[in-house]
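Heads up, the thing below is written out as structure tokens.
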Amino acid sequence: QILFLDTPGIHNAEKLPSINHLMNTTAWSVLQECDVVCYLVDVTKGLTEEDRQWICEILKKFGEEIWATDIAEAIVEYRRDQEIRTTGQLQNIVSEVYRKRRVNSKLNPATKTFQAIRIYVNQELANIKNVLPMAIRLLVHGGRCLVISFHSLEDRIVKVFFRTQK
């Protein structure tokens, strides 16, 4: 999220709302059962080896999920028999992988999986890369930009960007 809090430090501040600008994304909840169009998992029943590899790569890259290979395999196995229609189904698939691995976590086991799907579907990292230069262009000399990152993937992008700015 990028918040512009220093109104006098922004070009055309009078045209912006009182908080000035808020970039926000929506997230699927792992805590609430709901219907979901699972963009990671094709709606056809059979998934191929390429699908397993693709799912695994998304879970690793965007969720930093150490059990990505096992979770991708479990998703492919589940899909051989039935569709994944709800967040609860996907959560159960991931939780079963963690249970088999005897992994106990303070986080819901599906948290990183849902994060990966959300980041991939919303293209959140690309959006951050695109909006940071725009945010800087909005500032007047001496203006301030506050960036709140929620995980290391976002944090890394923001830190690299600001290191390259003068």
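The figures here come from the full heavy-atom set of this structure, side chains too, leaving out hydrogens, waters and symmetry mates.
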4.5 Å side-chain heavy-atom contact, [X] and [Y]:
X: Ile119; Y: Leu125; result: yes
X: Ile128; Y: Phe161; result: no
X: Arg52; Y: Thr69; result: yes
X: Phe114; Y: Leu90; result: yes
X: Ile71; Y: Ile55; result: no

Partners passing side-chain contact (heavy atoms from CB on, under 4.5 Å) against [X] (at least two apart in sequence or in another chain):
X: Asp155; answer: Ser149, Lys159
X: Ala68; answer: Cys56, Leu59, Lys60, Glu65
X: Arg156; answer: Glu64, Ser152, Leu153

Treating [X] as the side-chain partner and [Y] as the backbone partner, does any N or O pair qualify as donor plus acceptor under 3.5 Å?
X: Asn108; Y: Ala110; result: yes
X: Arg118; Y: Val121; result: no
X: Asn127; Y: Asn122; result: yes

Enter the distance from [X]:[atom1] to [Y]:[atom2] here, rounded to the nearest 0.5 Å.
X: His151; Y: Lys112; atom1: NE2; atom2: NZ; answer: 11.5 Å
X: Leu139; Y: Met134; atom1: CG; atom2: CE; answer: 13.5 Å
X: Thr86; Y: Asn92; atom1: OG1; atom2: CG; answer: 7.5 Å
X: Arg101; Y: Asp70; atom1: CZ; atom2: CG; answer: 4.0 Å
X: Gln91; Y: Thr111; atom1: CD; atom2: OG1; answer: 8.0 Å

| query | What about Phe162 and Val160, same hydrophobic cluster or not, with Ile/Leu/Val/Met/Phe/Trp/Tyr joined at side-chain heavy-atom distances under 4.5 Å? | reply | no
| CG (Asn104) with more than 12 external heavy atoms under 6.0 Å | no
| query | Do you know the tightest heavy-atom contact between Val158 and Val147? | reply | CG2-CG1, 3.5 Å
| request: For side-chain contact (heavy atoms from CB on, under 4.5 Å), just list the numbers for Ile157 and Leu132, CA-CA rounded to whole Å, side-chain angles, deciding distance to a tenth of an Å, and then say yes or no. | output: CA-CA 9 Å; Ile157 292 169; Leu132 286 171; 4.3 Å; yes
| field | Plane angle bin for Trp67 and Tyr98 - parallel if under 30°, tilted between 30 and 60°, otherwise perpendicular | value | perpendicular
| request: Go through Gln89 and Tyr78 one step at a time and tell me if the side-chain contact (heavy atoms from CB on, under 4.5 Å) criterion holds. | output: CA-CA 10 Å; Gln89 286 174 298; Tyr78 188 92; 2.9 Å; yes
